[in-house]
Amino acid sequence: MERKSIFITATQINYFFVCKRKLWLFSHNITMEHNSELVELGSLLHKDSYKKRRKEIEFDGIKIDFFEKNKALIHEVKKSTAIEKSHIWQIKYYLYRLKELGINVEGKIDYPLQKKTESISLSDTDEMVISNIISKLKQILKEPLPPQKIAQKICKKCSYYEFCYA
């Protein structure tokens, strides 16, 4: 087994909150993000925002946009607050994984188009929630077929829309 495949990625944590079907498809290497204009727009925003501060940190399925060493603060750049809950848990997962490595930091989500930032910290309760999420996520991934479509408004903007509804 490839080493990378044993880790739960932050993207999987994000998708857990957005759509379990998308999580399952993505985790089974059925990827559609490369065909999405919205994903491409997000990538451009990611590349063009905070260029001077950009120092990505990447390890074991984690890819943090940038880190302010003097403030012990990690940042995640997002396009919009439309699925903010998934963004919050994604960065809490970063904090959780870093804490496992003995690194205690705080987090911030930056929404440059909306000129908004959200400060994120990790509580003891959050750690228990993340452990529970990881257990549920692993159960979803063990299923032989993807979960049913969620038929929500957000589906129309999803990179998997044609896969689910065509």
Side-chain angles (χ1 to χ4, degrees), residues 1-47 56-65 74-101 107-111 113-114 118 120-166:
M1 178 181 281
E2 183 181 327
R3 183 174 188 267
K4 188 175 182 179
S5 66
I6 63 171
F7 298 105
I8 299 297
T9 69
T11 300
Q12 290 172 308
I13 297 293
N14 184 309
Y15 287 177
F16 178 85
F17 287 96
V18 174
C19 173
K20 308 298 189 274
R21 182 177 175 88
K22 183 176 184 176
L23 165 68
W24 190 97
L25 293 169
F26 173 81
S27 299
H28 286 81
N29 298 316
I30 301 170
T31 59
M32 301 293 287
E33 290 87 351
H34 59 283
N35 296 322
S36 169
E37 290 179 16
L38 289 173
V39 171
E40 187 175 331
L41 180 62
S43 294
L44 290 173
L45 176 68
H46 175 84
K47 288 178 186 171
E56 288 183 346
I57 300 170
E58 190 170 352
F59 66 97
D60 298 341
I62 302 293
K63 191 172 184 179
I64 297 168
D65 289 340
I74 61 171
H75 289 259
E76 180 69 13
V77 179
K78 296 294 185 184
K79 189 170 51 89
S80 83
T81 57
I83 50 173
E84 190 171 25
K85 183 178 179 182
S86 66
H87 302 160
I88 290 170
W89 284 101
Q90 180 180 346
I91 202 162
K92 283 183 184 276
Y93 184 64
Y94 293 155
L95 301 175
Y96 175 84
R97 292 290 308 278
L98 288 168
K99 187 175 180 182
E100 286 181 331
L101 299 172
K108 194 171 268 192
I109 305 172
D110 300 294
Y111 299 97
L113 294 179
Q114 297 173 327
E118 179 87 26
I120 307 294
S121 59
L122 182 71
S123 70
D124 292 341
T125 303
D126 293 335
E127 291 182 51
M128 289 188 291
V129 171
I130 288 171
S131 290
N132 191 27
I133 289 167
I134 290 169
S135 294
K136 289 179 180 176
L137 193 152
K138 287 179 177 177
Q139 283 302 117
I140 292 167
L141 300 185
K142 285 181 185 175
E143 294 297 323
L145 297 173
Q148 295 297 310
K149 296 175 262 189
I150 60 173
Q152 297 289 313
K153 185 177 174 184
I154 195 168
C155 293
K156 291 180 180 173
K157 294 184 177 183
C158 179
S159 57
Y160 290 84
Y161 181 80
E162 290 181 22
F163 186 88
C164 292
Y165 294 98

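Start at 1 with the first residue, then count along the sequence.
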Separation of E143 CD from H28 NE2 (nearest 0.5 Å): 9.5 Å

With side chain to side chain contact (heavy atoms under 4.5 Å, CB included) as the criterion, how do Y96 and S131 come out once you've worked through the C-alpha distance, each side chain's angles and the decisive distance to 0.1 Å? CA-CA 10 Å; Y96 175 84; S131 290; 3.4 Å; yes

Within 45° of the six-membered ring axis of F16 and under 6.0 Å from that ring's centre, is NZ or CZ of K136 located there? no

Output, in order, the C-alpha distance, side-chain angles, deciding distance and verdict of side chain to side chain contact (heavy atoms under 4.5 Å, CB included) for L113 and S80. CA-CA 7 Å; L113 294 179; S80 83; over 6 Å; no

Return the minimal non-hydrogen interatomic distance between I13 and I134, and the atom names on each side. CD1-CG1, 4.5 Å

Member of Q90, E84, H87 meeting the side chain to side chain donor-acceptor pair (under 3.5 Å) criterion with K78: Q90

Working to the nearest 0.5 angstrom, can you tell me the gap between S86 OG and L23 CG? 12.0 Å

Exactly one candidate in D65, I88, D110 meets side chain to side chain contact (heavy atoms under 4.5 Å, CB included) with E76; the answer is D65

Approximate separation, where rounding is to 0.5 Å, of S27 OG and I8 CD1: 7.0 Å

Heavy atoms, side chains only, cut-off 4.5 Å: are L25 and Y15 in contact? no

Smallest separation among heavy atoms of P147 and W24, with atom names: CD-CB, 3.6 Å

To the nearest 0.5 Å, how far apart are CD in E100 and CG in L95? 11.5 Å

Which heavy atom of K79 sits nearest a heavy atom of Y111, and at what distance? C-CD2, 4.5 Å

Please name the pair of heavy atoms, one in Y161 and one in K156, separated by the smallest distance, quoted to 0.1 Å. CD1-CA, 3.7 Å

A side-chain contact here means heavy atoms from C-beta on lying under 4.5 Å apart; do L141 and K138 qualify? no

Is it the case that S123 and D126 place a side-chain donor and acceptor less than 3.5 Å from each other? yes

Tell me, do I130 and W89 make a side-chain contact under 4.5 Å, heavy atoms counted? yes

Please walk me through it: do F59 and L101 pass side chain to side chain contact (heavy atoms under 4.5 Å, CB included)? CA-CA 11 Å; F59 66 97; L101 299 172; 3.6 Å; yes

Measure across K92 and L122 and return the closest heavy-atom pair with its distance rounded to 0.1 Å. O-CD1, 3.8 Å

If you take all heavy atoms of I30 and Y160, which pair is closest and at what distance? O-OH, 2.7 Å

Distance col, row C19:SG vs N14:CG, nearest 0.5 angstrom, shows 11.5 Å

To the nearest 0.5 Å, tell me how far I74 CD1 sits from I109 CD1. 9.5 Å

Residues, nucleotides or ligands: over 12 heavy atoms within 6.0 Å of Q114 CD: yes

So, do K22 and C158 sit near enough that their side-chain heavy atoms are less than 4.5 Å apart? yes

Evaluation steps, side chain to side chain contact (heavy atoms under 4.5 Å, CB included), between I62 and Y93: CA-CA 9 Å; I62 302 293; Y93 184 64; 3.6 Å; yes

